[in-house]
**Student:** 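This is the structure I have questions about; it appears just below.
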Amino acid sequence: MDEHKENINAEDVNVKMSSSKEDDETKPESRICPAAEADPPASPPPSNSDFSHPVYKEIALANGHINRMSKLELRNKLAQLQLDTRGVKDVMKRRLKSHYKKQKLLQSATEGVSTDTYYDYICVVDFEATCEEDNPSDFHHEIIEFPMVLINTHTLEIVDTFQEYVKPEINPQLSDFCVKLTGITQKMVDEADLFPVVLERVVAWLRERELGTKYKYAFLTDGAWDMSKFLNIQCKISRITYPLFAKKWINIKKSYGNFYKVTRTQTKLTTMLEKLGLTYEGRPHCGLDDSRNIARIAIRMLQDGCQLRVNERIHGGQLLSVPSSAPVEGAPAPRNPRSRD
C-alpha cells in the first residue's frame, strides 16, 4: 500500500516523532555503533583515536577520484571489480566508494574482521489493510494481509516467506476500491481467521526459525505506518496488547534516503527500485509481492555497504526515532500478546 499509505489521515492515531533514546525495554547488549547510514567500517581501523590514520587519507583520495568519474567510467570500473553495474550515477558512486572503503579497512586491520551487518536475519513486513478511496479521518484500518519475507544477511538471499489473509471485524465488507487496489477478494477474507489467531501463527513461524533465540533479527518496513499505525490500531481492535517483538523496526525509507543522500520524495518503493536499476516484480499492493520487492532493495543496500539498523520504535502509542548512537539490539524472542479483556 505504498502510495496509498501517503494519503492516510494521521489524526486518528496517537503518533509523533521524537528523539527520545530510551524506553522501559531498552537493555544495552552491544557496543554503541556508528550510524547505519554512514559508510560502514568493514573492520576496526589500526588506530582507535580518531580518523587521523593514513588509511582515511587514502579513502578520501579514492572518493575524490570516484567523484570525478563519468557514468561510463563508473560502470566500467564496477564491471572490472565484478560489482553490480545497475543504477543511476549517484548509486554507482556510493557502491564503488563502499567497496574501496571496505577493502582499505580490511587491508589495514591488525586484528579481527567485524561483521557487515548487525543482524543475522531481517524480516520484511508490508501489511495490506482495509481502505476507502477517500478515507474519512475516523476510519479504522484493519489488517487483511500479513506477509513476511525473511532475508539472510550473511548470504544476502531471501530464504523464506509467510502470508496469511485476515478477517476484518469492524468493516467486514471490503470496499470495491480496496479489492481493486490490493487484489484481495471478499471470499479471501471471509475464509480467513481473525487477527489474534493469525498472529499466533506468525509467532509460531518466527519461533520455528529460532529468531530472537539462536539468531539476532530485526523487522523492516517501507515507512512508519505498518507498525505505528496499522499494527497499533489492529491490536486495539482485537483487544490484545501490542507485541513486544514488533516495537522496534528498520524504516527502509529513512535508511535509503540517508545512505544514498536523496530526499524523501525519492524514497517511494518504485522510485527506490528504479534508482537501483531494478524493476518491480509481481502485483503492486499485494502485501507479499511488496515485501519481496522491499527485500530486494534491502539486499541491494547491504551489497552496497549499508549497515541497516533499527531506526524507529513505538512506545505508549507514540512513534519515536531511534538515534544512531543507541545500542544495537535485535528484536526479542516472539511471544503471543496478552488479551486486554
Side-chain angles (χ1 to χ4, degrees), residues 1-18 23 25 123-148 162-175 177-179 181-182 184 186 188-190 192-203 219-251 253 285 287 290-291 294 312-321 331 334-341:
M1 300 184 74
D2 181 49
E3 290 83 358
H4 190 64
K5 287 175 187 174
E6 301 295 329
N7 299 322
I8 293 173
N9 191 307
E11 295 178 357
D12 60 338
V13 62
N14 182 25
V15 297
K16 69 178 182 179
M17 294 305 298
S18 167
D23 66 7
E25 294 174 1
C123 189
V124 180
V125 175
D126 193 78
F127 297 123
E128 295 303 319
T130 55
C131 55
E132 302 284 350
E133 188 166 7
D134 295 306
N135 292 310
S137 60
D138 60 348
F139 186 83
H140 292 288
H141 300 274
E142 298 176 78
I143 293 173
I144 54 176
E145 182 185 357
F146 200 134
M148 293 187 289
F162 174 97
Q163 180 191 41
E164 284 218 20
Y165 296 109
V166 184
K167 179 186 294 185
E169 294 183 66
I170 295 178
N171 296 301
Q173 187 69 34
L174 302 181
S175 67
F177 173 79
C178 185
V179 172
L181 179 74
T182 65
I184 299 172
Q186 188 65 46
M188 289 176 179
V189 295
D190 285 345
D193 287 314
L194 295 174
F195 183 78
V197 178
V198 173
L199 186 58
E200 286 181 4
R201 290 200 279 272
V202 167
V203 169
F219 284 97
L220 182 148
T221 63
D222 181 31
W225 292 111
D226 292 276
M227 300 303 196
S228 69
K229 185 176 179 70
F230 294 145
L231 184 57
N232 190 27
I233 290 175
Q234 185 62 61
C235 288
K236 292 176 182 177
I237 292 172
S238 298
R239 298 170 297 282
I240 58 176
T241 57
Y242 190 100
L244 292 174
F245 60 86
K247 285 201 167 187
K248 298 179 182 180
W249 61 91
I250 301 164
N251 179 342
K253 288 183 182 294
H285 305 299
D290 281 352
S291 298
I294 295 165
E312 287 184 346
R313 64 186 178 97
I314 188 170
H315 178 64
Q318 295 182 344
L319 173 63
L320 308 173
S321 289
R335 295 193 304 177
N336 289 314
R338 302 186 308 274
S339 170
R340 290 181 182 270
D341 295 334

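All heavy atoms count here, side chains included; hydrogens, waters and symmetry mates do not. Residue numbers run from 1 in the order of the sequence given.
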**Student:** Taking the side chain as everything from C-beta on, heavy atoms only, tell me whether Pro243 gets closer than 4.5 Å to Cys235.
**Tutor:**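 Result yes, sub-4.5 Å side-chain heavy-atom pair found.
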**Student:** Using a 3.5 Å distance criterion without hydrogens, assess whether the side chain of Asp290 forms a donor-acceptor pair with backbone atoms of His285.
**Tutor:** yes
**Student:** Is it true that a side-chain atom of Glu164 and a backbone atom of Val198 form a donor plus acceptor pair closer than 3.5 Å?
**Tutor:** no
**Student:** Is the shortest side-chain heavy-atom distance between Val202 and Pro334 below 4.5 Å?
**Tutor:** no
**Student:** Is it the case that over 12 heavy atoms from other parts of the model lie below 6.0 angstrom from the CZ atom of Arg201?
**Tutor:** yes
**Student:** For a side chain to side chain contact (heavy atoms under 4.5 Å, CB included) check, start with the C-alpha distance between Tyr242 and Met227, then their side-chain angles and the critical distance, and finish with the verdict.
**Tutor:** CA-CA 10 Å; Tyr242 190 100; Met227 300 303 196; 3.4 Å; yes
**Student:** Would you say Leu174 and Thr130 make side-chain contact, with heavy atoms under 4.5 Å?
**Tutor:**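 Yes; the side chains approach each other to less than 4.5 Å.
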**Student:** Mind checking the CG-CD spacing from Asn336 to Glu200? Nearest 0.5 Å is all I need.
**Tutor:**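 If we round to the nearest 0.5 Å, Asn336:CG and Glu200:CD are 5.0 Å apart.
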**Student:** What distance separates Glu133 CD from Phe177 CZ, expressed to the nearest 0.5 Å?
**Tutor:** 5.5 Å
**Student:** Taking the six-membered ring for Trp, are Phe195 and Phe146 parallel (under 30°), tilted (30 to 60°) or perpendicular (over 60°)?
**Tutor:** parallel
**Student:** How long is the gap from NZ on Lys247 to NE2 on His315, to the nearest 0.5 Å?
**Tutor:** 7.0 Å
**Student:** Working to the nearest 0.5 angstrom, can you tell me the gap between Cys131 SG and Asn171 CG?
**Tutor:**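 Nearest 0.5 Å value for the SG-CG distance: 11.0 Å.
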**Student:** Are Glu142 and Val166 close enough that some pair of their side-chain heavy atoms sits under 4.5 Å apart?
**Tutor:** no
**Student:** Can you name the closest pair of heavy atoms from Ala246 and Leu231 and give their distance?
**Tutor:**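 Scanning both residues completely, I find the closest heavy atoms to be CB-CD2, 3.8 Å.
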**Student:** Determine the minimum heavy-atom distance between Asn135 and Glu132, stating which atoms define it.
**Tutor:**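 Looking at all heavy atoms of both residues, the shortest contact is OD1-N, 2.7 Å.
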**Student:** Taking side chain as C-beta onward, heavy atoms only, is Ser238 less than 4.5 Å from Glu169?
**Tutor:**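 Contact flag for Ser238/Glu169 side chains = yes.
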**Student:** Grab the two heavy atoms, one from Ile237 and one from His140, that are nearest each other, plus how far apart they are.
**Tutor:** CD1-CB, 4.1 Å
**Student:** Return the CE to CZ distance between Met148 and Phe219, rounded to the nearest 0.5 Å.
**Tutor:** 6.5 Å
**Student:** Are any of the side-chain heavy atoms of Phe127 and Trp225 separated by less than 4.5 Å?
**Tutor:** no
**Student:** How far apart are the closest heavy atoms of Ser291 and Pro147, and which atoms are they?
**Tutor:** OG-CG, 3.7 Å
**Student:** If you look at every heavy atom in Ala224 and Glu312, which pair is closest and at what distance?
**Tutor:** CB-OE1, 3.3 Å
**Student:** To the closest 0.5 Å, what do you measure between CZ (Arg239) and CD (Gln234)?
**Tutor:** 10.0 Å
**Student:** Taking everything shown except Arg340 itself, do over 12 heavy atoms lie less than 6.0 Å from its CZ?
**Tutor:** yes
**Student:** Any side-chain heavy-atom pair from Asp222 and Lys253 closer than 4.5 angstrom?
**Tutor:**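 Sidechains of Lys253 and Asp222: in contact.
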**Student:** Is any side-chain heavy atom of Ser228 closer than 4.5 Å to a side-chain heavy atom of Trp249?
**Tutor:** yes
